[in-house]
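Okay, structure first, notes after.
All heavy atoms count here, side chains included; hydrogens, waters and symmetry mates do not.
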Number of protein chains: 2
Amino acid sequence: MKKPTIKDVAKLAGVSFKTVSRVVNQEPNVSESVKKKVLESIKQLNYQPNHTARVMRKAPFSLAFVYDNPNSHYVIEMQNGIISECRKKGFELVIHPTDSHSDDVGNELAAMIGSNQIGGIILTPPLSENKELVTFLLSRDAKVVRILSGEQPPDKLAPVLHIDDIDAGFKITQYLLELGHRDIAFLGFHASHESSLGRVKGFKKAHEIANFPFDKNFIIDGEFTFESGMEMAKQVLAMSKRPTAIFACNDEIAAGAVFMARLNNLKVPEDISIVGFENSPFAMQTWPHLTTIDQPNFDIAATAAAMVIEMMKSNDIHAVDSKGFSLDVVIRESACRYSLESAV
Amino acid sequence: MKKPTIKDVAKLAGVSFKTVSRVVNQEPNVSESVKKKVLESIKQLNYQPNHTARVMRKAPFSLAFVYDNPNSHYVIEMQNGIISECRKKGFELVIHPTDSHSDDVGNELAAMIGSNQIGGIILTPPLSENKELVTFLLSRDAKVVRILSGEQPPDKLAPVLHIDDIDAGFKITQYLLELGHRDIAFLGFHASHESSLGRVKGFKKAHEIANFPFDKNFIIDGEFTFESGMEMAKQVLAMSKRPTAIFACNDEIAAGAVFMARLNNLKVPEDISIVGFENSPFAMQTWPHLTTIDQPNFDIAATAAAMVIEMMKSNDIHAVDSKGFSLDVVIRESACRYSLESAV
DNA sequence: GTGAAAGCGCTAACAA
DNA sequence: TTGTTAGCGCTTTCAC
């Protein structure tokens with residue numbers, strides 16, 4: 001038994017197939033009586049409009065989430081945010097992990113767009129920072145929304161969703177400073193990682209404004225992983241002048257640092273305060289729970305999805321404005337006041 | 001500038017558009033010279049076949065990964081496995097998280113299939129255990145592969161990929177028994193969770209075969225989460241007769257248990273042995289690293305994907321056989337020999 | 001080997 | 001308010 005088509009419905013309802021099309025698309029100019037009849041036939045035949053044929057005549061109804069990020073929690077949260085928006089608007093999500101170092105990314109994506117499978121693309125760092133790629137995709141008529149780190153959009157190419165890491169890094173450093181900490185280590189510096197750059201910038205800015213110097217040796221290079229967090233923490237804890245607080249560039253690093261502190265028989269936060277960044281599940285799987293920056297990935301992703309969908313629907317890149325997200329500190333138990341007595 | 005179509009290519013190459021179609025589809029009966037000419041024109045115009053139009057005439061080239069699972073690592077690994085296979089075969093992956101308790105799942109999926117967007121579906125627990133849903137999808141002409149827990153396929157409806165949790169649970173319990181443990185707690189029993197059921201079954205079987213009784217009070221109900229793991233560990237550690245080893249139903253529970261042990265000033269494994277299940281990143285983010293069961297989610301997912309794709313290509317559910325996966329113990333440092341002396 | 005014609009299921013443009 | 005005609009980009013006959 002073949003799948004019923006619009007014509008089968010039309011025949012059954014005794015109307016032209018265009019009328020059925022009108023009903024399906026909720027177009028005006030259909031009398032109530034005819035509408036009812038058509039709807040009944042649809043139900044009776046269990047008719048489902050052929051999405052593919054529809055897409056061929058109009059625009060694609062799928063968007064792609066393109067990423068190169070090993071952080072499962074991040075990816076899942078982003079995905080979920082995008083999907084929640086897709087569901088609302090009747091779009092489908094295709095996921096596309098890639099290797100940002102490969103030169104093929106552009107062609108891969110161009111193929112998806114060129115073949116009309118996908119109309120819009122959501123790009124996350126580091127891909128979103130690749131201006132050449134974006135320009136290329138735009139030239140191929142793709143609707144692109146980039147999620148990236150910055151106080152402001154980096155350009156006017158297309159709307160972006162920028163996250164103010166500088167401000168966030170500033171806030172949490174300031175919080176540590178206010179708690180009396182003067183020797184704060186920064187774990188997870190990564191020169192080619194815009195977010196990391198932004199966060200250190202905020203870290204430095206907070207020191208400058210408070211007029212406290214920061215120690216360059218306290219800025220440690222590393223990856224955004226638990227293992228790297230352990231490694232970096234080990235490094236600073238072995239220093240002759242040991243920091244009294246640690247600003248970890250993300251929660252995973254912070255979790256690794258908490259872990260290493262414990263291995264060194266240091267109590268958190270009594271002996272050393274440790275803060276994270278992201279408010280991921282890691283923040284709650286560590287003891288004490290992490291004071292961190294809340295980065296609402298789900299909302300960020302949903303917003304990005306809403307933007308692409310709007311761009312696709314209106315077929316206009318500039319139908320939508322860039323948006324900025326500013327992040328706030330979540331205070332939990334991994335950082336406390338520093339005073340000389342407690343250091344004894 | 002519009003996207004080039006097959007006709008533009010034909011015009012440029014000076015052939016009929018059908019010939020271009022033949023070249024694109026690598027059909028026989030095209031002379032080398034013509035082929036070369038066509039290929040050149042394609043490159044020159046940067047022609048991409050319109051995937052949508054193609055799908056309309058043939059079968060869909062997308063499959064859906066349908067899941068209801070809060071475990072990010074699991075989902076990501078599965079996704080990556082499926083994608084790796086999709087890439088090879090030129091298929092696209094659409095992800096579809098759902099709420100398995102909703103009655104709408106069937107309709108949602110039916111809509112995706114009926115509308116010709118998606119040809120194949122990969123189902124994971126608990127959705128894969130819903131026979132009614134599977135029957136329904138099959139009746140809608142979907143190619144379905146289920147991943148589920150079991151020694152054997154539960155039915156002949158369609159090929160499945162079954163994972164032998166009983167055997168795995170047996171092996172790791174046996175390992176603990178061989179280390180001299182006699183009081184082993186099982187954390188994470190979940191009556192409506194086939195995997196959990198399988199693992200306890202193996203747990204019991206190992207005790208029976210070794211002819212050691214197990215204590216029913218040591219089988220603790222709980223969720224597959226870190227928090228629940230902490231909670232359950234707290235419970236067993238407070239018992240008057242304390243277990244010497246813990247079999248956690250997954251690594252997240254185990255990580256929570258390790259954590260709780262430490263809070264109780266118990267050393268792992270010297271004071272208490274703890275093993276996990278899954279070999280997820282959690283197994284390495286705990287100290288000591290977890291002895292666990294290696295569940296190769298990536299491979300499992302890739303295999304499932306290969307199965308669906310084969311079913312789609314041959315348009316035959318039974319073009320493929322069910323497959324079983326048996327899992328092995330990975331020995332690390334979280335479990336050690338138990339002897340009375342060490343218990344002092 | 002190659003090409004012309006028909007048609008997939010749908011929507012857009014225009015009639016009636 | 002409804003129906004007719006054309007045609008999206010492609011593949012599938014079937015003819016040359």
Side-chain angles (χ1 to χ4, degrees), chain A residues 1-39 41-42 45-61 90 111 113-119 141 313 315, chain B residues 2-39 41-42 45-61 90 111-119 141 313 315:
Chain A
M1 191 196 75
K2 285 284 296 171
K3 278 176 197 165
T5 74
I6 199 169
K7 286 182 185 165
D8 300 319
V9 178
K11 205 178 291 171
L12 183 66
V15 297
S16 83
F17 71 89
K18 172 69 228 194
T19 302
V20 178
S21 167
R22 274 194 260 262
V23 173
V24 170
N25 291 293
Q26 316 208 38
E27 282 170 36
N29 299 335
V30 187
S31 68
E32 277 308 315
S33 61
V34 174
K35 199 173 188 173
K36 189 158 288 176
K37 216 165 33 174
V38 171
L39 253 16
S41 307
I42 288 179
L45 293 178
N46 207 320
Y47 164 74
Q48 308 264 13
N50 184 319
H51 195 257
T52 316
R54 263 173 128 166
V55 168
M56 200 171 69
R57 307 298 279 116
K58 307 189 106 180
F61 272 76
I113 295 155
S115 65
N116 218 39
Q117 293 175 87
I118 270 151
D141 224 38
K313 281 197 167 172
N315 193 25
Chain B
K2 284 284 295 170
K3 279 177 196 166
T5 74
I6 200 169
K7 288 183 184 166
D8 300 319
V9 178
K11 206 178 290 170
L12 182 66
V15 297
S16 85
F17 71 90
K18 172 67 231 197
T19 302
V20 178
S21 166
R22 273 195 260 264
V23 173
V24 170
N25 292 293
Q26 315 207 41
E27 282 170 36
N29 298 335
V30 187
S31 68
E32 276 307 314
S33 61
V34 174
K35 198 173 187 170
K36 189 159 289 174
K37 218 165 35 175
V38 171
L39 252 18
S41 307
I42 287 179
L45 292 178
N46 207 318
Y47 166 72
Q48 310 263 14
N50 185 317
H51 195 259
T52 316
R54 262 173 125 165
V55 168
M56 198 172 70
R57 308 295 278 116
K58 304 188 122 191
F61 273 74
M112 294 207 300
I113 295 154
S115 64
N116 218 38
Q117 293 173 87
I118 271 152
D141 225 36
K313 282 196 169 173
N315 193 25

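- In this structure, B:N29 reaches the bases: a heavy-atom distance under 4.0 Å links it to at least one base atom across the strands shown.
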Pairwise N/O distances under 3.5 Å, protein to nucleotides 3-7 of chain D:
from  : atom 1 : to    : atom 2 : distance (Å)
D:dG3 : OP2    : A:S16 : N      : 3.0
D:dG3 : OP2    : A:S16 : OG     : 3.3
D:dG3 : OP2    : A:T19 : OG1    : 2.6
D:dG3 : N7     : A:R22 : NH2    : 2.5
D:dG3 : O6     : A:R22 : NH2    : 3.4
D:dG7 : N2     : A:R57 : NE     : 2.4
D:dG7 : N2     : A:R57 : NH2    : 2.9

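- Recorded end-axis angle for the helix from C:dG1-D:dC16 to C:dA16-D:dT1 stands at 40°, based on five pairs per end and rounded to 10 degrees.
- In this structure, the separation between CZ on B:F61 and CD on A:Q117 is 9.5 Å, given to the nearest 0.5 Å.
- Between chain A and DNA chain C, the heavy-atom contact criterion of under 4.0 Å yields a 5' to 3' nucleotide range of C:dG9 to C:dA13.
- Dashed line: the shortest gap from a side-chain N or O of A:S31 to OP1 or OP2 of D:dT1 is not under 4.0 Å.
- For the residue pair B:G119 and B:P60, the shortest heavy atom distance occurs at N-CB, 3.7 Å.
- Residue B:P28 is out of contact with every strand shown, counting any heavy-atom pair closer than 4.0 Å.
- Atom NZ in B:K7 sits roughly 13 Å away from atom C1' in D:dT11 (whole-Å rounding).
- Contact record, B:Q48 with A:S115: CB-N, 4.2 Å, taken as the closest heavy-atom pair.
- Partners of B:Y47 by ring pair (Phe, Tyr, Trp, His ring centres under 6.0 Å), not counting sequence neighbours: none found.
- For the pair B:H51 NE2 and D:dC8 C1', the computed distance is 17 Å after rounding to whole Å.
- Judged by distance alone, with hydrogens and angles left aside, the side-chain atoms of A:T52 form a donor-acceptor pair with the main-chain N or O of B:N116 at under 3.5 Å.
- Note: CD (B:E27) to P (D:dT13) measures 11 Å, nearest angstrom.
- Here NZ of B:K313 is found 10.5 Å from NZ of B:K58. Values are rounded to the nearest 0.5 Å.
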Under 3.5 Å, which donor-acceptor pairs do the side chains of residues 7-21 of chain B form with other protein atoms, sequence neighbours left out?
from  : atom 1 : to    : atom 2 : distance (Å)
B:D8  : OD2    : B:T5  : N      : 2.7
B:S16 : OG     : B:K18 : N      : 3.3
B:S16 : OG     : B:T19 : N      : 3.4
B:S16 : OG     : B:T19 : OG1    : 3.3
B:S21 : OG     : B:N25 : ND2    : 3.4

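- Atom pair B:M56:CE and D:dC8:P shows a separation of 12 Å (rounding to whole Å applied).
- Using a 4.0 Å cut-off, some side-chain N or O of B:N25 falls inside it from OP1 or OP2 of D:dT11.
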Just list the side-chain donor-acceptor pairs under 3.5 Å for residues 27-38 of chain B, sequence neighbours left out, or say none.
from  : atom 1 : to    : atom 2 : distance (Å)
B:S31 : OG     : B:S33 : OG     : 3.4
B:S31 : OG     : B:V34 : N      : 3.4

